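Both counts, for ligands and for their atoms, begin at 1 and track the order of listing. The shown structure was predicted, so the numbers you read here are calculated from the model rather than taken from an experiment.
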Amino acid sequence: MPAPLLDINRQNAPLRDEILAAITEVVDTGAFLKGPACGRLEKAVAECCDAEHAVGCASGSDAILVALMALGVGPGDEVILPSFTFFATAGCVSRLGATPVFADILPDTFNIDPADVERRITPATKAIMPVHLFGQSADMTALAAIATEHGLDLVEDAAQAIGAAYQGRPVGAIGRVGCISFYPTKNLGGMGDGGMITTDDGELAERMRVLCDHGQAPRYHHHLVGLNSRLDTIQAAALGVKLERLGDYASARSRHAARYAEAFAGLGDTITTPVVAEGCDSVWNQYTVRVHGGRRDELQKELASKQIGSAIYYPIPLHLQACFAELGYKPGDLPESERAAEEVLSLPVFPELAAEEQASVIDAVQEFAATKDAARAA
Ligand SMILES: *Cc1c(COP(=O)(O)O)cnc(C)c1O
């Protein structure tokens, strides 16, 4: 049986009437920007993240950009972040004229290695930006200790992790500020782009709100150079409908992950299943295995031949991207990030994945592992 990596329609179709009613209300009132649904969503997301404040913006990338702008990151500053992440984490740093400093990851969780962060601190370091990759929090205890000791801001790239928790505390406001994405494939996915910035710091929240509106406060009085980055009311209305189900979505993803872990337990020679670190509640934005023996692409092909979706997040670590060549990193500089890029494969884990579909993913992976064992025995 085929199994898609992700089928967004299965999540949205049952909510179609509710979402359309919410959108219709926006169309009827004409409050397309900063409408009531925006404020409601900000309040709900702040609550979900246990943050005092949440500021809507146009995308997860803008959330990062605006958070860094509000913290005063600019030319001459360095921001330490993982190399094994989506491009936006580093792109936003560069766009502000600051320098992304790439740290390596921990092999078990794929998240930034606090010891490597500490080694890369210089007098120019301004902030540390961990990514809660694939839905699991980074080691926030260690990172917060480093940030405090060196007087650095801790910015959470929580784009993939809304609803995840670290030692019982939701991600988003554990650090000074958190950045969330509502890109359609994220755990809380909109019908287009959207993002939100979360913080306990009221002054910072106000600065971010003003920056998102051209830096004007009041209107036509610009004390800051901001940008136009707003969350559309239509998006906020649709997201409000889905936010109520976020806990159910996470539970379903978690059940799928547990089923994979059980089914793959004996396949350690072929694949390693993802590790949930102590104190972490993952929301499983991705279920990412490592494939050993240089056979990752082979497994992906095998799955594709059975119409089973999979994806490589991410095939090239950021320190080796062409656009960062002038930073001078070479292959071998961040070995764990490079090894992950060669070994990872993400399997279907979206909430609506049917049991029979998951069974066919499991069968296919088990078969692949058995072929290898047979080849070895021969
Ligand atoms: C998706 C994502 C972003 C960017 O979010 P957009 O809403 O697509 O701009 C940033 N960082 C990470 C880790 C992401 O996965």
Side-chain angles (χ1 to χ4, degrees), residues 5-6 8 41 45 49 54-69 73 79-96 100 102-103 105 109-112 127-138 140 143 154-164 171-172 175 177-198 208 212 227-232 235-236 238-239 242-243 253 282-288 311-319 321 323-324 337 340-341 344 346 349-350:
L5 179 64
L6 173 68
I8 291 168
L41 189 74
V45 169
C49 296
V55 178
C57 61
S59 69
S61 304
D62 273 6
I64 298 170
L65 187 73
V66 169
L68 296 177
M69 285 170 80
V73 171
V79 177
I80 303 176
L81 50 90
S83 173
F84 189 64
T85 175
F86 179 61
F87 170 78
T89 319
C92 295
V93 174
S94 287
R95 281 183 57 193
L96 293 173
F102 295 109
I105 54 165
T109 60
F110 301 113
N111 276 326
I112 197 166
I128 306 170
M129 184 155 50
V131 178
H132 305 313
L133 201 70
F134 304 145
Q136 169 165 241
S137 173
M140 293 305 285
L143 294 166
L154 187 55
V155 179
E156 297 174 62
D157 181 343
Q160 302 183 4
I162 185 171
V171 300
V177 56
C179 309
I180 291 165
S181 165
F182 302 129
Y183 183 77
T185 65
K186 302 294 159 84
N187 282 41
L188 180 59
M191 327 258 132
D193 278 313
M196 206 164 273
I197 331 167
T198 48
M208 295 193 295
C212 285
L227 65 159
N228 170 5
S229 182
R230 288 174 293 226
L231 178 64
D232 290 341
Q235 289 302 337
L239 287 163
K242 299 186 74 177
L243 181 60
R253 287 173 183 272
S282 176
V283 289
W284 299 103
N285 181 246
Q286 299 296 342
Y287 187 88
T288 305
I312 299 166
Y313 305 119
Y314 298 92
I316 304 172
L318 297 185
H319 70 283
Q321 292 288 352
C323 66
F324 295 130
S337 300
V344 289
S346 298
V349 75
F350 64 102

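Crowding of Ile316 atom CD1: a count of heavy atoms from other residues, nucleotides or ligands under 6.0 Å not exceeding 12. Around CZ of Phe324, the count of heavy atoms belonging to other residues, nucleotides or ligands within 6.0 Å exceeds 12.
Taking the side-chain hydrogen bond (donor to acceptor under 3.5 Å, both in side chains) definition, one finds that Asn111 meets it with nothing, sequence neighbours left out. For Phe134, the ring pair (Phe, Tyr, Trp, His ring centres under 6.0 Å) test picks out Phe110, with sequence neighbours left out.
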Tabulation required: pairs of a nitrogen or oxygen in ligand 1 and a protein nitrogen or oxygen under 3.5 Å; columns are atom names and distance to 0.1 Å; otherwise 'none'.
| from | atom 1 | to | atom 2 | distance (Å) |
| --- | --- | --- | --- | --- |
| ligand 1 | 5 (O) | Ser181 | OG | 3.3 |
| ligand 1 | 7 (O) | Gly60 | N | 2.7 |
| ligand 1 | 7 (O) | Ser181 | OG | 2.6 |
| ligand 1 | 9 (O) | Gly60 | N | 3.4 |
| ligand 1 | 9 (O) | Ser61 | N | 2.8 |
| ligand 1 | 9 (O) | Ser61 | OG | 2.5 |
| ligand 1 | 11 (N) | Asp157 | OD1 | 3.3 |
| ligand 1 | 11 (N) | Asp157 | OD2 | 2.8 |
| ligand 1 | 15 (O) | Gln160 | NE2 | 2.8 |
| ligand 1 | 15 (O) | Lys186 | NZ | 3.0 |

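Not a single donor-acceptor pair under 3.5 Å links the side chain of Gln235 to the backbone N or O of Asp193.
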For residues 79-95, run the donor-acceptor check on the side chains, cut-off 3.5 Å, and write out each pair with its distance to 0.1 Å, sequence neighbours left out.
| from | atom 1 | to | atom 2 | distance (Å) |
| --- | --- | --- | --- | --- |
| Ser83 | OG | Leu318 | N | 3.1 |
| Ser83 | OG | His319 | N | 3.1 |
| Ser83 | OG | His319 | ND1 | 2.7 |
| Thr85 | OG1 | Thr89 | OG1 | 3.0 |
| Thr89 | OG1 | Phe86 | O | 3.2 |
| Thr89 | OG1 | Asp157 | OD2 | 2.9 |

